[in-house]
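Let me begin by presenting the structure, written as structure tokens, before commenting on it.
Convention: sequence-line order gives letters A, B, ...; per-chain numbering from 1. Just so it is clear, the values below take in all heavy atoms, side chains as well, and ignore hydrogens, waters and symmetry mates.
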Protein chains: 2
Amino acid sequence: MNDKYDCLKLENQLCFPLYVASKEIIRRYKPFLDKLDLTYTQYIAMMVMWEKKSLKVTELCKCLFLDTGTVSPLIRKLKSKGYIELSRSKEDERIQIVTITDKGEVLKEEAVDIPSKMINSKCMNLSKEDAENLYRILYSIIQQD
Amino acid sequence: MNDKYDCLKLENQLCFPLYVASKEIIRRYKPFLDKLDLTYTQYIAMMVMWEKKSLKVTELCKCLFLDTGTVSPLIRKLKSKGYIELSRSKEDERIQIVTITDKGEVLKEEAVDIPSKMINSKCMNLSKEDAENLYRILYSIIQQD
DNA sequence: CTGCAATATATTGTGTACAATATAATTGTA
DNA sequence: TACAATTATATTGTACACAATATATTGCAG
């Protein structure tokens, strides 16, 4: 029962469960992020801000693997919420610097429980070994090119 | 150098590489799908159609792990391209039946090379073991709830 | 020092995603 | 048998995601 079209079956794809699992995990974050009035994309952007405090828009794009068409409105949104500020670089007028605000730092305190809540609610209930393997394999895919 | 905010670092997330790898793989499909004038979502929908030939809209949603808000316009699009047809169920007037057309079957012939091209172009260059582990782990995430 | 390539960012257009809501048909039930 | 609950699908609203294009600034080659 093996024919040349088997390769086009959904169950034989690796890309498909990757795509579904990604959306599924983001969906499972939603209840926790809703409490902070953050979307998933805004959440990962804030993770970068919490760690870096201040960086160029291009650097933020690179950290998030997102292009300016996505990041530009994202920055507008986070600025309107008061979590970040924008300023122009003195040396190069083209460059925008994104900087976290005090309000953004306060948000960090509210967010710090999310990762443990995700684990406790069994949102991604993997063995230590599977989690480590998944992490390694995913980064090996991302870094290929 | 271990503090309570480490859990909020992007590099310590499992969700983030999952989200990035998913988008990355879809991006790598793009050159191949562009030749057929298909988006990734349209491609996986056609995979279901090639296999099932005919099914209810609800079933298509379930196969793809997508809701009607996504699938409704997707069906309109594939219908406008002539790959599928729509009809109402006789027994239950609410139910729409999606059926593949001859043109849709022809498209299958053009698509059948895509999976091997993806492998040959090293778009997801994993060892057999890593690929199998990834597949298993991803489905274990999807099926949790 | 001038024009042109490169860089940084923003905008536009198309296509998802999904929650929430709406609507119509069907089913179960008092 | 009316009618409430359920089911199937569509629509609306918000937020990505990215390719393509536009614009402004900078750097560099001649």
Side-chain angles (χ1 to χ4, degrees), chain A residues 15-16 18-31 33-34 36-46 55-81 84 86-98, chain B residues 15-16 18-31 33-34 36-46 55-81 84 86-98:
Chain A
C15 61
F16 180 66
L18 187 58
Y19 157 82
V20 174
S22 168
K23 290 186 304 160
E24 182 60 23
I25 294 300
I26 290 172
R27 206 182 56 72
R28 289 178 197 167
Y29 269 96
K30 197 169 186 306
L33 295 177
D34 278 352
L36 306 193
D37 188 31
L38 284 181
T39 64
Y40 180 76
T41 316
Q42 290 164 12
Y43 176 57
I44 58 174
M46 287 309 298
L55 77 174
K56 298 171 192 170
V57 168
T58 312
E59 290 169 340
L60 183 57
C61 288
K62 213 165 282 176
C63 287
L64 297 174
F65 293 80
L66 289 171
D67 85 350
T68 61
T70 306
V71 170
S72 241
L74 179 62
I75 287 174
R76 256 204 305 278
K77 193 79 191 189
L78 290 174
K79 184 181 142 91
S80 81
K81 290 185 179 183
I84 57 171
L86 286 174
S87 56
R88 289 278 166 188
S89 163
K90 295 283 185 292
E91 310 92 58
D92 188 335
E93 282 291 325
R94 292 169 305 179
I95 295 175
Q96 289 248 38
I97 308 287
V98 196
Chain B
C15 61
F16 179 66
L18 188 58
Y19 158 81
V20 175
S22 168
K23 290 186 305 158
E24 182 61 22
I25 294 300
I26 290 171
R27 206 182 56 72
R28 289 177 198 169
Y29 268 97
K30 197 170 185 308
L33 295 177
D34 278 352
L36 306 194
D37 188 32
L38 284 181
T39 64
Y40 180 75
T41 315
Q42 290 163 12
Y43 176 57
I44 57 174
M46 286 310 298
L55 76 175
K56 298 173 192 168
V57 168
T58 311
E59 290 169 341
L60 183 57
C61 287
K62 214 167 281 176
C63 286
L64 297 174
F65 292 81
L66 290 171
D67 84 350
T68 61
T70 306
V71 169
S72 240
L74 180 62
I75 287 174
R76 256 204 305 277
K77 194 79 193 189
L78 290 175
K79 183 181 143 93
S80 81
K81 291 185 178 183
I84 57 169
L86 286 174
S87 56
R88 289 277 167 191
S89 163
K90 296 282 184 293
E91 310 91 61
D92 188 336
E93 281 291 324
R94 291 169 305 177
I95 295 176
Q96 289 247 37
I97 309 287
V98 195

Original post:
Where each residue is assigned the nucleotide of DNA chain D containing its nearest heavy atom, which of B:K23 and B:V57 is assigned the position nearer the 5′ end?
Top reply: B:V57
Original post:
A:A45: what forms a side-chain contact (heavy atoms from CB on, under 4.5 Å) with it, not counting sequence neighbours?
Top reply: A:L64, A:L74, A:L78
Original post:
Quick one: is D:dA17 close enough that its OP1 or OP2 comes under 4.0 Å of any side-chain N or O from B:Y19?
Top reply: yes
Original post:
Taking C-beta and beyond as the side chain, do A:R27 and A:E24 meet within less than 4.5 Å on heavy atoms?
Top reply: yes
**OP:** Using whole Å, report how far CG of B:L33 lies from C1' of D:dA19.
**Re:** 15 Å
Subject >> Separation of atom CG in B:D67 from atom C1' in C:dT16, rounded to whole Å >> reply: 11 Å
Original post:
Taking only residues two or more places apart in sequence or in another chain, which ones pass side-chain contact (heavy atoms from CB on, under 4.5 Å) with B:E59?
Top reply: B:L55, B:K56
Original post:
Looking at residues at least two apart in the chain, or sitting in another chain, which of them share a ring pair (Phe, Tyr, Trp, His ring centres under 6.0 Å) with A:Y40?
Top reply: A:Y29, B:Y19
Original post:
Side chain of B:I95: nearest nucleotide among D:dC16, C:dA19, D:dA8?
Top reply: D:dA8
**OP:** Name all residues meeting the side-chain contact (heavy atoms from CB on, under 4.5 Å) criterion together with A:S72; count only those two or more places apart in sequence or in a different chain, and write none if there are none.
**Re:** none
Original post:
D:dA17 P sits how many Å from B:I25 CD1, rounded?
Top reply: 17 Å
Original post:
Are side-chain heavy atoms of B:K77 and B:T39 found at a separation under 4.5 Å?
Top reply: no
Original post:
Rounded to whole angstroms, how far apart are CD on B:E24 and P on D:dA19?
Top reply: 10 Å
**OP:** Quick one: label A:T39 by what it contacts on the DNA or RNA (base, sugar-phosphate, nothing), any heavy atom closer than 4.0 Å.
**Re:** sugar-phosphate
Original post:
Tell me: CG of B:L38 to C1' of C:dT16, nearest whole Å?
Top reply: 15 Å
Subject >> Set of residues satisfying salt bridge (Lys or Arg N to Asp or Glu O under 4.0 Å) with respect to A:D92, sequence neighbours excluded >> reply: A:R94
Original post:
Residues in salt bridge (Lys or Arg N to Asp or Glu O under 4.0 Å) with A:K30, at least two apart?
Top reply: A:D34
Subject >> Rounded interatomic separation in angstrom, taking CG from B:L64 and P from C:dT16 >> reply: 11 Å
Original post:
Can you list, by residue number, the residues of residues 69-79 of chain A that have a non-hydrogen atom closer than 4.0 angstrom to DNA chain D?
Top reply: A:G69, A:T70, A:K77
**OP:** Quickly work out the A:D37 CG to D:dT14 P distance and round it to whole Å.
**Re:** 13 Å
Original post:
Of all residues at least two apart in sequence or in a different chain, which pass the side-chain contact (heavy atoms from CB on, under 4.5 Å) check with B:K62?
Top reply: none
Between N or O atoms, less than 3.5 Å apart, protein on one side and nucleotides 23-26 of chain D on the other: list the pairs.
from, atom 1, to, atom 2, distance (Å)
D:dT25, O2, A:R94, NH1, 2.9
D:dT26, OP1, A:E93, N, 3.0

Subject >> For atom NZ of A:K30 and atom P of D:dC16, their distance in whole Å >> reply: 11 Å
Original post:
Counting just side-chain N and O atoms, does A:T41 come under 4.0 Å of either OP1 or OP2 of D:dA17?
Top reply: yes
